[in-house]
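Before any comments, here is the structure.
By convention in this document, chain letters (A, B, ...) are assigned in the order of the sequence lines, proteins followed by strands, and residues within each chain are numbered from 1. Side chains included, hydrogens not; waters and symmetry mates left out as well; all remaining heavy atoms used.
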There are 2 protein chains.
Amino acid sequence: MTYEDSPMQRSLSALSDPTRRAVFEAVAAQPRSVTELAKTQPISRPAVSQHLKVLSEANLVRAEAQGTRRIYHLDTAGLAALRDYLDQFWTDALGAYAAEVRRRTKPN
Amino acid sequence: MTYEDSPMQRSLSALSDPTRRAVFEAVAAQPRSVTELAKTQPISRPAVSQHLKVLSEANLVRAEAQGTRRIYHLDTAGLAALRDYLDQFWTDALGAYAAEVRRRTKPN
DNA sequence: ACTTACCGTAAGCTATGACTTACGAAGATT
DNA sequence: AATCTTCGTAAGTCATAGCTTACGGTAAGT
């Protein structure tokens, strides 16, 4: 049951697959065309295309047409969304920890 | 094909499922027992247990036994791993952007 | 000691997701 | 204009992930 489909959930699940994450890292390392990306992976070119579609919809990657080729490059939007999401828990955790410290140090 | 199983990949895929992410957020918001967590979700208690197992193996959550109850609370280790992973791309992206700016502003 | 509450795991079902091959469209090349 | 390259998508297959019910084990309550 997919009862939530926030943009950040998309980014999160986009990176959940190891192969897709490898594709993402290849794109991040250097902007490349689809066939070039496919050469770096042990899967077929259409499979890479499908992964790129998912990554695009997660705003983790973007394409620029250049003739018949499509050069994919990193998109920081999805990255920022993920970072903000994690940071939220991070500060919450710190806050909870501080509260715990206060609770433990406070005399009864 | 699971050709990679880094601890950070585990954290990443642990949060890929919306339901499991909801469980994680419930734990993060407040340490709770399994049955208490199950009440906050539209799934059965064993399902919550299974999600907690995955989250535990991803170092996103930890349990403390308290009688027969197991109180789950946030574990910042997995969170830190994710943060570091994303930050790596972040700084890379900034570096690439800076290089791009240099390339564009540099006279031919 | 018997029952009750709490929890993890096994077994089984079903939906989904990751891959393949096949195809068609659009721009480059000759 | 004919071919070749590049790419996205459709169709189909297969493995896996998430859920359920059922069960057993441990600690607490009476």
Going through the distances and angles, do A:S16 and B:L12 end up as a side-chain contact (heavy atoms from CB on, under 4.5 Å)? CA-CA 5 Å; A:S16 66; B:L12 222 28; 5.7 Å; no

I'd like to check the ring-ring contact (aromatic ring centres under 6.0 Å, His included) partners of A:Y72; sequence neighbours left out, ordered by chain and number. none

Closest listed nucleotide, where the reference is the side chain of A:P46 and the choices are C:dC19, C:dG8, C:dT21: C:dT21

Taking side chain as C-beta onward, heavy atoms only, is B:L55 less than 4.5 Å from B:R20? yes

Round to the nearest Å and state the distance from B:R45 atom CZ to D:dG18 atom C1'. 16 Å

Side chain to side chain donor-acceptor pair (under 3.5 Å) partners for A:R83, two or more places apart: B:D87

Check: A:R70 side chain, C:dG27 base, donor-acceptor under 3.5 Å: no

Close approaches to DNA chain D from residues 62-69 of chain B, in residue order (heavy atom, under 4.0 Å): B:G67, B:T68

Between CG of A:L15 and P of C:dG17 the distance, given in whole Å, is 16 Å

Once salt bridge (charged side-chain N to carboxylate O under 4.0 Å, His left out) is applied, what residue pairs with a partner in residues 72-81 of chain B remain, sequence neighbours excluded? B:R62-B:D75

What's the CZ-C1' distance between B:R21 and D:dG18, to the nearest Å? 17 Å

Could you check whether A:T35 gets within reach of a base, just the sugar-phosphate, or nothing at all, counting any heavy atom under 4.0 Å? sugar-phosphate

With clusters defined by side-chain heavy atoms of hydrophobic residues (ILVMFWY) lying less than 4.5 Å apart, directly or transitively, does A:I71 cluster with A:L52? no

Could you grab the distance from atom CZ of B:F24 to atom CG of B:L37, nearest 0.5 Å is fine? 12.5 Å

Would you say B:S33 places a side-chain N or O within less than 4.0 Å of OP1 or OP2 belonging to C:dC6? no

When you compare the side chain of B:E64 with that of B:R70, does any pair of heavy atoms fall below 4.5 Å? no

With a 4.0 Å heavy-atom cut-off, tell me which residues in residues 49-57 of chain B come close to DNA chain C, sorted by residue number. B:S49, B:Q50, B:K53

Roughly how many Å is it from CD in B:E36 to P in C:dC6, rounded to a whole number? 9 Å

Starting at CD of A:Q41 and ending at P of C:dA18, how long is that distance when rounded to a whole Å? 14 Å

Return yes if the base of C:dG17 and the side-chain atoms of A:R20 contain a donor-acceptor N/O pair under 3.5 Å, otherwise no. no

So, does A:Y72 get its side chain near the phosphate of D:dG8, meaning an N or O under 4.0 Å from OP1 or OP2? yes

Taking the side chain of B:I43 as its heavy atoms from C-beta onward, which of C:dT21, D:dC7, D:dC19 lies nearest to it? D:dC19

Applying salt bridge (charged side-chain N to carboxylate O under 4.0 Å, His left out), which residue pairs with at least one partner in residues 24-42 of chain A are found, sequence neighbours left out? A:R21-A:E25, A:E36-A:R69

